2 protein chains.
Amino acid sequence: MVVHTRTPRGQGRPRLLEAAGELFAERGVSGTSLQSIADRLGVTKAAIYHQFASKDEIVIAVAEPVIAHLAELADAAASTTPQAGRAVVIAGLVDLATAQRGTAAIMRRDPSMSQILNNHEPYMVQIARIDAVLLGPDPSPERRVALAFAGGGIAVGGELAGLEPATLRTALIAAMTRALETP
Amino acid sequence: MVVHTRTPRGQGRPRLLEAAGELFAERGVSGTSLQSIADRLGVTKAAIYHQFASKDEIVIAVAEPVIAHLAELADAAASTTPQAGRAVVIAGLVDLATAQRGTAAIMRRDPSMSQILNNHEPYMVQIARIDAVLLGPDPSPERRVALAFAGGGIAVGGELAGLEPATLRTALIAAMTRALETP
DNA sequence: GTCTATAAGGGGATAGAC
DNA sequence: GTCTATCCCCTTATAGAC
């Protein structure tokens, strides 16, 4: 499905997305100007426009690896039992939430980011798949609340600083599991 | 050509804060211009500056009722047993999170809002008091994670649409209580 | 790929009339 | 209290040189 992507000289784009992701996490999307991204990279705005046509395109590109990870989790869950699938998804979501400076978390928290992603079909598709795995068939209202609660929980909990990564991971998986143990 | 009809909008300050709070919740603080607030009220930007010296001042003013509510909860908790205090705080936080358009939720989610509030002592003081009630003495790392998780959980869960308010409230209290049942 | 330069517009904020 | 008018800076985005 990928058309071109002939960019073996991988300095520009990945570095740009990393810087953008960090700034989005710190200040939010609306609070991050292209100028500030350029400054962090030591280049000018025009250099950024050479690689991306618009700010929204950068936002989507930052989210893309996360969306790909969500797709993998949903695939993995689909090839096993419901219970095992839920465990896989929970562990995977925790890993996503604790990875690299909260890029995943900001996708759920930042209003500007949400607005863009809610109009980005690939994201919505994967979110729906993940939700279906975690909810199961015919979910009760209580279960829906528990899912929303758990979603917000990892987004914020994943950014907790000052803990051993392994401790954080274990505690978050426990918290997620407990949150979703609703009838 | 109608130049301008009488603006039958409500009285200045409360009306302004209501509009600002709604817009902050929808688009985030950075995503909300003073112009957009003025537009929603049917006035000009200059009219807003008659009541507030800066945008930050509006943000703080929007947060103030929530901060006052937090103070009340912490006070109530201080005048009873630890267990009863925790229950009071949990119920109060759920009420805050589900009340009026997610003003409370945005305080925890929006990066720009957080940045302003983290430098606003009255907010930090009340948050510390609430956290102390929920954590208890000598909290384990797991308990700290559970608290962060629960904080994110209500912020997101409180905005869930399409449920009976009473159902949402009960389910959120249950979710919060369960999340904080960590040793 | 990166630069300089600039367009075109919006942002926060202020002055002063009514 | 609200208006008009304005200031100045920053924003997104484009054009074209190297």
Side-chain angles (χ1 to χ4, degrees), chain A residues 4-24 26-63 110-113 115-117 119-120, chain B residues 1-24 26-63 106 110-113 115-117 119-120:
Chain A
H4 65 308
T5 315
R6 51 176 239 91
T7 316
R9 56 208 177 278
Q11 282 305 329
R13 208 182 138 105
R15 220 166 84 78
L16 194 160
L17 292 179
E18 192 187 331
E22 288 174 11
L23 287 167
F24 290 163
E26 289 168 23
R27 316 177 188 175
V29 170
S30 288
T32 301
S33 66
L34 294 186
Q35 185 63 62
S36 65
I37 298 174
D39 287 349
R40 179 162 293 203
L41 294 172
V43 299
T44 62
K45 277 183 297 180
I48 293 181
Y49 276 105
H50 181 75
Q51 314 200 52
F52 295 95
S54 68
K55 189 179 176 180
D56 279 19
E57 218 172 77
I58 298 177
V59 172
I60 303 253
V62 164
D110 184 80
S112 314
M113 183 77 109
Q115 230 167 341
I116 293 171
L117 290 178
N119 291 318
H120 184 60
Chain B
M1 175 114 158
V2 175
V3 176
H4 108 112
T5 47
R6 226 175 353 110
T7 52
R9 296 293 198 165
Q11 313 310 330
R13 211 182 136 101
R15 185 83 196 165
L16 195 162
L17 292 179
E18 191 187 330
E22 289 173 11
L23 286 168
F24 290 162
E26 288 168 24
R27 314 176 189 175
V29 170
S30 287
T32 302
S33 65
L34 294 185
Q35 185 64 63
S36 67
I37 299 174
D39 287 349
R40 179 163 294 202
L41 294 171
V43 299
T44 62
K45 275 189 294 182
I48 292 180
Y49 277 103
H50 181 75
Q51 314 202 51
F52 294 94
S54 69
K55 190 180 178 181
D56 280 18
E57 219 173 77
I58 299 177
V59 172
I60 303 250
V62 164
I106 209 69
D110 185 77
S112 314
M113 183 77 108
Q115 230 167 337
I116 294 170
L117 290 178
N119 291 318
H120 184 60

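Here is how names work: the chains are called A, B, and so on, in the same order as the sequence lines, proteins then strands, and each is numbered from 1. Because the structure is a prediction, the values reported are computed rather than measured.
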Heavy atoms under 4.0 Å is the rule here; annotate nucleotides 11-18 of chain C 5' to 3' with B where the base is hit, S where only the sugar-phosphate is, and - elsewhere.
SBBBB---
Measure from [atom1] on [X] to [atom2] on [N] and round the result to the nearest Å.
X      : N       : atom1 : atom2 : value
I37(A) : dT11(D) : CD1   : P     : 11 Å
L16(B) : dT2(D)  : CG    : P     : 9 Å
H50(A) : dG1(C)  : NE2   : P     : 6 Å
D39(A) : dT11(D) : CG    : C1'   : 13 Å
R13(A) : dT2(C)  : CZ    : P     : 14 Å
I48(B) : dG1(D)  : CD1   : C1'   : 12 Å

Worked verdict on V62(A) versus F24(A) for side-chain contact (heavy atoms from CB on, under 4.5 Å)
CA-CA 9 Å; V62(A) 164; F24(A) 290 163; 4.0 Å; yes
Could you tell me whether the phosphate oxygens of dC3(D), OP1 or OP2, come under 4.0 Å of any side-chain nitrogen or oxygen in T44(B)?
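Yes, T44(B) has a side-chain N/O under 4.0 Å of OP1/OP2 on dC3(D).
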Would you say L117(A) and M113(A) make side-chain contact, with heavy atoms under 4.5 Å?
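Heavy-atom side-chain distance check passes, below 4.5 Å.
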Side chains of N119(B) and Q115(B): is there a donor and an acceptor less than 3.5 Å apart?
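Looking only at side-chain atoms, Q115(B) and N119(B) do not form any donor-acceptor pair under 3.5 Å.
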With sequence neighbours excluded, give me every salt bridge (Lys or Arg N to Asp or Glu O under 4.0 Å) pair touching residues 40-56 of chain A.
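Checked against salt bridge (Lys or Arg N to Asp or Glu O under 4.0 Å) - neighbours excluded - the pairs reaching residues 40-56 of chain A are E22(A)-R40(A), E26(A)-R40(A).
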If you look only at pairs with a residue in residues 28-37 of chain A, which of them pass as a salt bridge (Lys or Arg N to Asp or Glu O under 4.0 Å), with sequence neighbours excluded?
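Non-adjacent pairs meeting salt bridge (Lys or Arg N to Asp or Glu O under 4.0 Å): zero.
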So, S112(A) side chain and V29(A) main chain: donor-acceptor pair closer than 3.5 Å or not?
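A pair under 3.5 Å: no.
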